[in-house]
Amino acid sequence: AFELNRFARDCPPGAGLAGNLFKNADFNKRRVTWRQIQEMLNDPFVQRNSGQRMKRLHKIGIGLVGSVPFSFQDENGLVCFFSRHNADLTLLRSSMNEGF
């Protein structure tokens, strides 16, 4: 995963993995939204950027991405958390894990 991050490029809202998550983020609620990467790869409406980051993450076993929107000094951002595809969703979505 470290190697994938070295080649990650910025992308506009709505394009690529982070861009799609950013486009669908609800900045009025601070909560984690979990998405399956395979689901995003199969969705014809999800724009993919040329870096193929989603496919590469899925290939190495990363199957889930959690995103948390935030606002700071009039700017919006997104924190992404990645997990293997067979992680226990009950544990990932527990209040102990998602509480912030």
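Taken from CD1 in Ile60 to NE2 in His85, the straight-line distance is 11.0 Å, to the nearest 0.5 Å. Put simply, CH2 on Trp34 and OG on Ser83 are 6.0 Å apart, with the number rounded to the nearest 0.5 Å. Separation of atoms CG (Asn42) and CD1 (Ile37) is listed at 12.0 Å; rounding is to 0.5 Å. In this structure, CG on Asn20 lies 4.5 Å from CE on Met40, to the nearest 0.5 angstrom. Taken from CG in Asn97 to OG1 in Thr90, the straight-line distance is 11.5 Å, to the nearest 0.5 Å.
At a cut-off of 3.5 Å, with distance as the only test, a side-chain donor of Gln38 or His58 sits close to an acceptor on the other residue.
Residues meeting the side chain to side chain donor-acceptor pair (under 3.5 Å) test with Asn86, sequence neighbours left out: Arg84. In this structure Ser71 satisfies the side chain to side chain donor-acceptor pair (under 3.5 Å) test together with Asn76, sequence neighbours excluded. Considering only residues two or more places apart in sequence or on other chains, Asn28 meets the side-chain contact (heavy atoms from CB on, under 4.5 Å) condition with Asp26. Partners of Phe27 under the ring pair (Phe, Tyr, Trp, His ring centres under 6.0 Å) rule, at least two apart in sequence or in another chain, are Phe22. Looking at residues two or more places apart in sequence or on another chain, you find a side-chain contact (heavy atoms from CB on, under 4.5 Å) between Leu89 and Leu64, Leu92. Residues meeting the side chain to side chain donor-acceptor pair (under 3.5 Å) test with Gln36, sequence neighbours left out: none.
You'll find the side chain of Asn24 reaches within 4.5 Å of the side chain of Arg35, heavy atoms only. Between Val68 and Arg31, every side-chain heavy-atom pair lies at or beyond the 4.5 Å cut-off. Counting heavy atoms from C-beta outward, Val65 and Phe81 have side chains that stay 4.5 Å or more apart.
Smallest separation of non-hydrogen atoms from Cys80 and Leu21: SG-CD1, 3.9 Å.
Each salt bridge (charged side-chain N to carboxylate O under 4.0 Å, His left out) pair with one or both residues in residues 65-78, not counting sequence neighbours, would appear here, but there are none.
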